[in-house]
Amino acid sequence: MSRSLTPPAPRPPHTFRTVFPVLALCWLAVFFDGMDVNIYGAVMPHMLDDTGLGLTPDSAGTIGSWTTFGMLIGALTAGNLTDWLGRRLMLVASVSLFSAGSALCAVAGDIGLFGAGRFVSGLGLGGLMPLCLAMVLEFAPPRRAALTTGLLMTSYHFGGMAATGLGLTLAPAAGWRWVFWAGVLPALVAVPLLLRLLPESPGVLLARGERDKADAVADRFGLPRPTEVAAPAAGAAGRLAAVRELFRPESRWATPLLWLASFCGLLLVYGISTWLPQMMRASGYGLNSSVSFLMVINAGGIVGLLIAGRIADRFGAVRVSAIWFLLTAAGALLLKAHLPLGVTYLVVAVTGVWLFSAQVMVYAATNTVYRDSERAAGLGWVTGVGRTGAVVGPWLIGELAASGNESWGFTTFALAGLGGALAICLVPAARRFGRGGTTAPAPVTANAGS
């Protein structure tokens, strides 16, 4: 009697549908990231009115910088911790950490403890973004890297809108502390889902010597099985080697330009997320209108990311990022003028279309510079060094606010937009200069633009 053999299960196609669980879970994590980042800006006007807390414009800017300083440390250390925990557990730890920081802010009786809570939140927030970006780029369908990145980042702005809604409704009715209690929700909602449903990165599994598990995850989601060149280096020595690879001849000049573009982009993102309501209030707009501007600019950010991702997949992330930075600079200068309320809402919304996706396209542009094995390190350092801009932005605008010169903040944002456009524009020329006429290896399979 002949023995029948069961054929192996066919691999699913590598499409958005097959990797939807990963994209959806990372989307949820970044949603709570955006909510936590924007909570402070949404309730700052109420906190400044709370005389018992003792918050001043000067200390408000310093606390905003402590948040982003924590994010800087989190972003730069997440890679080494990922070698030990893996990306899945590192995401869980990040969400848990910024939820704990929000709880600490809710119970703080003075600005010292409140600042400590924001620093703790920043540690978790800083590690989360590069991890989610690396995950979705690894699982993204071919030739859809920029679109996938844009879709992921829409969640940040939905989170920002949720924070603004809490600032408009919960803060006036129950007090600003209850808005920070809402920031504990990620630990209750996202953590169980991440633990149960999110797979580990095939590349990380392979780097840890777990080839069978890496192949199983890749087969389950329709990904190509990872190879040694696609696996991130593990351990301290491997991490240092990965950083050195960012300065190989083909990318040695492009890397600092990406860092500068990210610095300018994150100065814009976190400076505006922290200070826009207070800056608009100082310009003469009412309290509710001033907080509403934060919701409007995040709504524009969602539209911009959906547009930018599609355009960048066709015309290149570098080109789109540069144009978006220039348009952001123009929008910032328009906001410096006290326009009629309806026109101001329109300008804020349109500026949001360009502002946030300019920075996200910097992330997408890393795919044109770094190879598969360098992707995680490249993204980590682009986001990590860029966090210095996130530190400088809130602090600098706080200094301007303390001296009564909030309006100069808009000029600062315009200059950052111009700087970002110039830096990202020079990346293709820097790559050509670094190659010196030699043929460079293809960076990745996905086409994120050139």
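When reading the values below, keep in mind they use all heavy atoms of this one structure, side chains included, and skip hydrogens, waters and symmetry mates.
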For this session: Compute the centroid of each ring, for Phe293 and then for Tyr345, and state whether the two points are separated by less than 6.0 Å.
Result: yes
Exercise. Can the ring centroids of Phe114 and Tyr40 be said to lie less than 6.0 angstrom from one another?
Worked result: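 Yes, the ring of Phe114 comes within the 6.0 Å limit of the ring of Tyr40, centre to centre.
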Exercise. What do you reckon, is CZ of Phe410 surrounded by more than 12 foreign heavy atoms closer than 6.0 Å?
Worked result: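 Yes, because the 6.0 Å sphere around CZ of Phe410 holds more than 12 heavy atoms from other groups.
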[Y] versus [X], side-chain donor and acceptor atoms under 3.5 Å:
{"X": "Trp27", "Y": "Thr154", "answer": "yes"}
{"X": "Thr62", "Y": "Ser59", "answer": "no"}
{"X": "Thr328", "Y": "Trp354", "answer": "no"}

With a 4.5 Å heavy-atom cut-off, do [X] and [Y] have their side chains touching?
{"X": "Phe356", "Y": "Val269", "value": "yes"}
{"X": "Phe119", "Y": "Ile73", "value": "yes"}
{"X": "Leu400", "Y": "Trp395", "value": "no"}
{"X": "Arg177", "Y": "Val43", "value": "no"}
{"X": "Met35", "Y": "Tyr156", "value": "no"}
{"X": "Leu267", "Y": "Phe413", "value": "yes"}
{"X": "Asp36", "Y": "Phe32", "value": "no"}
{"X": "Gln359", "Y": "Ser262", "value": "yes"}

